[in-house]
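The structure appears below as structure tokens.
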Amino acid sequence: MSKNRILITDQRERDAIINKLKENFLVEAGAGSGKTTSLKGRILALIGTGTLKPAQHSALTFTNKAAGEIKERVYEGLLHAHQMAEIID
């Protein structure tokens, strides 16, 4: 294996967070492990599939900083999806 490649041993669990939208998850992991990215992906998937309206979701974090980061990433994801939809139309 190349020194530049990172082995992700929990990819199945990461995929489940985004794809199993009818299940609830508790994610416990260390700093920098991708929790915010997974949470953002799940929220966007729920909204994108029509399972959830943007005003209907909640996400729990331990800090205001993390909450602000999630809010910003979800907003950016929604904005990007909107821009892509305009390009396709």
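- Identified under the side-chain hydrogen bond (donor to acceptor under 3.5 Å, both in side chains) test for residues 49-66, with sequence neighbours left out: T49-T51.
- Residues A29 and S33 approach most closely at CB-OG, 3.1 Å, considering heavy atoms.
- Other residues, nucleotides and ligands contribute at most 12 non-hydrogen atoms within 6.0 Å of the CG atom of L60.
- Atoms CZ and CD1, on R12 and I17 in that order, are 13.5 Å from each other to the nearest 0.5 Å.
- Annotation: the span from I43 atom CD1 to I18 atom CD1 amounts to 11.0 Å, rounded to 0.5 Å.
- Rounded to the nearest 0.5 angstrom, L78 CG and K40 NZ are separated by 10.0 Å.
- Here salt bridge (charged side-chain N to carboxylate O under 4.0 Å, His left out) pairs that include residues 69-79, with residues two or more places apart or in two chains, are E69-R73.
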Fill in: Check against side-chain contact (heavy atoms from CB on, under 4.5 Å), L39 and V27
CA-CA 9 Å; L39 183 56; V27 178; over 6 Å; no
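- Rounding to the nearest 0.5 Å gives a distance of 8.0 Å between CD of E13 and OG1 of T9.
- Once rounded to the nearest 0.5 Å, the distance linking NZ of K20 with CZ of F25 reads 6.5 Å.
- By the salt bridge (Lys or Arg N to Asp or Glu O under 4.0 Å) test, R42 pairs with no residue at all, sequence neighbours left out.
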